[in-house]
Amino acid sequence: MSSTTPKTFHKDGYLIIPNALPPTTVQALLSEAHMMLENFSLADHPMTKFSTGEKSAHVGDDYFLTSGDKIRFFFEEDAFSSTGELIKPKSRAINKIGHYLHSLSPPFASLLDPALNPDLLGAGSTGGSVEAGRKESHPAAVARALGFRDPRVLQSMVICKQPEIGGAVPPHQDSTFLYTDPPSAVGFWYALEDATIENGCLSFLAGSHRWAPVKSRFVRDQNGSGTTFFDNEGARFPSKEGYGESLKDGDEEGEYKMGEVKAGSLVLIHGNLLHKSEKNLSQKGRIIYTFHVIEGEGKVYDKRNWLQPPSEGFTKLYRG
Ligand SMILES: O=C(O)CCC(=O)C(=O)O
C-alpha cells in the first residue's frame, strides 16, 4: 500500500491491491477451503441456506447465530430442488463457510500473524517491488495506513459463488451488519481465484461511502429467535470530516463499477460503501476469503448486532 493509496480509498470507498498475496499463500488458502468443503459432515447439518436479501428472509437460525466463534457451512439457495433435495455434491453446494476461520483455521489465522506467514512479508526475497508491496499489504500494515488504532477482526468467511448456482449479493453496506457507533467497519476481501464479470465479481458505487448513510441495522430479533432489520438510530457516518448526506452527489441506483481482479488481489471496502455481486451462472467458481475489521478504541460495538464477540473478545490485529 503506497502513501497515495489511503487517499484513493477515502475518495472511492474501495481499493484494489493486486498481488497482495503470493501464489503460495493463495494456494494454501484455496487447499484449506477445498479440504473443508470436502470434509464437513452432512449428517448433523441443519441445511441452513444463506440469503442476503435486505428486506427478504435472511438466515437467522441457531446454527447461523452461534457461528461467530465456529467454522460452519451455509448452502447456496439454489442448491436444492423444489422438494428440498440437495441437487449438487456438497462441495459444490456451499455458498459460504464462516465465521471464525481467522482463529480456528491455521492457514487463515496465519494471514493475520506476520510470524506465521513469512511468505506474505516477502521474507527471503531480494526486496523486489512486488515483495515490498506485499509487506505493505499485510493486514496490520493496511489497517495502520487507514488510521486504525486498535483494529479488531471479526466475521471471516470463505465465499464460494459456486458454478451455475452462486447466489447474487444485493447492494449493501457492511456497517449495516457490523455496526459500531460511529461506523468503523472495513472489509478485507481476498480473491483466491480470478473474479470476473462472468463469475460474479464485486461491483462498487464509487464514492457512496461519503454520502450514503447507514440507515438500516441487521440485528438479533429481541422479540424471539432469528434476525431482523431495523432503522438505525445511531450515527450514520464515521465521525470524520468529509462524510454526510449533504455531500450526496449520486443515487443508490447509480452506475456500479465492476471490480474484476486476479487471484491474490486484496480489495478493501469501506463499511458505508454500497457494493454488490451478481449471480454466478458460469461454469467457473469464484472462491474468495474475507474478514472485517472494526475500530476497538473509542467506538461502541452494538450489543444488538447479529454477531457478538467470543468469550476472548474480537481478535486483535496489532500484535506484540
Ligand atoms: O463476495 C461477494 O460476492 C460479496 C461479499 C460482500 O459483499 C461482503 O463481504 O460484504
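Remember, it's 1-based here, ligands and their atoms both numbered in the order they're listed.
Listed for the Glu76 side chain is a donor-acceptor partner under 3.5 Å among the backbone atoms of Gln162. Judged purely by atom type and a 3.5 angstrom limit, Asn232 uses its side chain to pair as donor or acceptor with the backbone of Val214. At distances below 3.5 Å, not a single donor-acceptor pair connects side-chain atoms of Asp302 with backbone N or O atoms of Thr180.
Taking the six-membered ring for Trp and thresholds of 30 and 60 degrees, Phe73 and Phe40 have nearly parallel ring planes, at less than 30 degrees apart. Note on ring orientation: taking the six-membered ring where Trp is involved, the planes of Phe80 and Phe75 are perpendicular (angle over 60°, cut-offs 30° and 60°).
Sorted by chain and number, the residues within 4.0 Å of ligand 1 by heavy atom are Ile159, Lys161, Val169, His172, Asp174, Trp189, Leu202, His275, Ser277, Arg286, His292.
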What verdict does the salt bridge (Lys or Arg N to Asp or Glu O under 4.0 Å) test give for Glu193 and Lys161, after you've listed the backbone C-alpha separation in whole Å, the side-chain angles of each residue and the deciding distance to 0.1 Å?
CA-CA 11 Å; Glu193 297 182 308; Lys161 240 349 154 188; over 6 Å; no
